[in-house]
There are 2 protein chains.
Amino acid sequence: MKSTYREIKADILSKITKGHWQPGSLMPNEIELADIYGCARATVNRAMRELADDGIIERRRKAGTRVRASPIRQARFDIPLVRREIEEKGAEYRYSLAARSVEQTPDWLRERLNLDDGARALHLVCMHYADDDPYQHEDRWISLATLPQAEKADFIQSGPNEWLVATIPFSNAEISFSATLADARLADFLGSRLGDPLFTIERATWFEERAITYVRLAYRPGHRMTTRY
Amino acid sequence: MKSTYREIKADILSKITKGHWQPGSLMPNEIELADIYGCARATVNRAMRELADDGIIERRRKAGTRVRASPIRQARFDIPLVRREIEEKGAEYRYSLAARSVEQTPDWLRERLNLDDGARALHLVCMHYADDDPYQHEDRWISLATLPQAEKADFIQSGPNEWLVATIPFSNAEISFSATLADARLADFLGSRLGDPLFTIERATWFEERAITYVRLAYRPGHRMTTRY
DNA sequence: CAGTGGTCTAGACCACTGA
DNA sequence: CAGTGGTCTAGACCACTGT
């Protein structure tokens, strides 16, 4: 009856899916489960901990473990570099810089990133192509207060995202998805029609509390972001 | 120098973010780290395993552990029930059923869900309101081959999602996000204008290889889905 | 083949929290 | 205060995989 934590996890999950353990019901405690599966308590613990991480069960000291009444559904999305995203589709990646300027940070961005009054930012507009078809439009601001060295990079050969990933090893971000309308400028860039609905990602990034960058990525019409869970 | 796995994880992460351990570089192995932190190897292992799960580092037997050159950025989104989504915004939730019919499964859906020829499905159109403002339009198909009992539910008091969550304790799903255009029918439902861009979620769900449901959720204009990582 | 991470154990103590 | 999960340990064996 010896089992691995994977087998235990799968078995418990199947007991839940098959209705053997009803939503909301109390499950046996770890010692009992270790007994049932003929393994150490730590092994059961790992299986249960992963199920809790996956949002399937709910654990509380003293109160025990229960099957979640309505399992928390979580979808995980990889946020790849555009280059990789395109290359993984088997297409050839091409990048181009459309505009580059140093500006006073506009008010809406200052507020969004919590920047000082009069802070300067590098404003970049870029395009990413898949097999020469427009794929993604990138409108990016980089805080020069945080990253003064960005002013020296020209971003002609490769995009700011790749530069940032190489420069800042790790950061926190807030990301949001929405649907926006193609205005004349975007439609022109993306080779789409005015008024096309565009799947849009916005991302604001911080490094140790200091704002690094804000970017708005508009995908060509018809783009989907898909995952399984 | 005794440390918890959380402290170790945080310390390693800060070593990476501060550039102490460069992207791509080889990190000390678990035994060395256990020595450094004055703890058991299992404790280091847990810290490192979580960092690997988070996409920060990359581990391979014999080859050792390296800092990822470009960290895999993953965003986790909760997929809540609409009811909870609305109530958490502090608004009052209201639901209404707009249409209900039993139909032959259309071809595109048969293909999408891998259903048999001539399979019947329950087709539902519903609206979800927040404080009486249109919030989300739901267009759902439920396979009657898999869930014949759905035909008996009337879905007048509460939506199919809540019924499904209570009926099927756990399932696999494929979910995708996109931007679509409001046609006349959708614009009418959502009280928006024709041609508004709508953030749209599609979800197909299976239970033990058998298709359960396909749903298309269109949000009112301006909706955003946000998360941090 | 040997080095590294992956997993398991048996036991211990601790931290929370429900009754 | 007592029951449950959370974490740690010291040691062991195993599974991969680079050399």
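Below, chain A is the first sequence line, B the second, and so on; all start at residue 1. Here the structure is a predicted model, which means the values were calculated and not measured.
- Put simply, B:T43 has a side-chain N or O that comes within less than 4.0 Å of OP1 or OP2 on D:dT9.
- Taking OH of B:Y95 as the reference point, atom CZ of B:F155 lies at 7.5 Å (rounded to 0.5 Å).
- Separating the CG atom of A:D53 from the C1' atom of D:dG5 is a distance of 14 Å, rounded to the nearest angstrom.
- Note on B:T65: every side-chain N or O is 4.0 Å or more away from OP1 and OP2 of C:dT4.
- With respect to A:R84 and A:D78, no salt bridge is recorded, no charged nitrogen being found less than 4.0 Å from a carboxylate O.
- Judged by distance alone, the side chains of B:R224 and A:S176 do bring a donor and an acceptor atom under 3.5 Å apart.
- Residue B:E30 places its side chain closer to C:dG6 than to any other of C:dG6, D:dG5, D:dT17.
- Remark: P of D:dG3 and CZ of A:R59 are 18 Å apart, rounded to the nearest angstrom.
- Comparing D:dA2, C:dT9, C:dA2 by their nearest atom to the side chain of A:A42 picks out C:dT9.
- Figure legend: B:R83 and B:Y93 shown without cation-pi pairing, the cationic atom not lying both under 6.0 angstrom from the six-membered ring centre and within 45 degrees of its axis.
- For the pair B:Y5 OH and D:dC8 C1', the interatomic distance rounds to 12 Å; values are reported in whole Å.
- With rounding to whole Å, B:I31 atom CD1 is found 16 Å from C:dA2 atom P.
- Closest to the side chain of B:N29, out of D:dT9, C:dG18, C:dG5, is C:dG5.
- Remark: C1' of D:dG5 and CD of A:E32 are 13 Å apart, rounded to the nearest angstrom.
- Residue A:R60 places at least one side-chain N or O closer than 4.0 Å to OP1 or OP2 of C:dG18.
- Taking each heavy atom of B:A75 and B:T227 in turn, the nearest pair found is CB-CG2, 3.9 Å.
- D:dT17: Watson-Crick or G-U partner is C:dA2, with both key distances under 3.5 Å.
- Checking the phosphate oxygens (OP1, OP2) of D:dC8, no side-chain nitrogen or oxygen of B:R46 falls inside 4.0 Å.
- Distance from the side chain of B:R61 is smallest to D:dC16 among D:dC16, C:dT7, C:dC16.
- Between A:R6 and C:dT7 there is a side-chain polar atom (N or O) within less than 4.0 angstrom of OP1 or OP2.
- Straight-line distance from the CD atom of A:E58 to the P atom of D:dG6: 12 Å, rounded to whole Å.
- The base-pairing partner of D:dC8, taking Watson-Crick or G-U wobble contacts with both distances under 3.5 Å, is C:dG11.
- Between B:M27 and A:K62, the residue whose closest nucleotide on DNA chain C is further toward the 5' end is B:M27.
- Contact between the side-chain N/O atoms of A:N45 and the OP1/OP2 oxygens of D:dT7 is not found at any separation under 4.0 Å.
- Using modelled atom types, one side-chain atom of A:E32 and one backbone atom of A:N29 make a donor-acceptor pair closer than 3.5 Å.
- A:R41 comes within 4.0 angstrom of a nucleotide base, judged by non-hydrogen atoms across all strands.
- Distance, B:I8 CD1 to D:dG6 P: 19 Å, rounded to whole Å.
- Look at CG on A:L26: it is 15 Å from C1' on C:dA19, rounded to the nearest Å.
- Toward the 5′ end of DNA chain C lies the nearest nucleotide of B:P28, the other residue of the pair B:P28 and A:A40 mapping further downstream.
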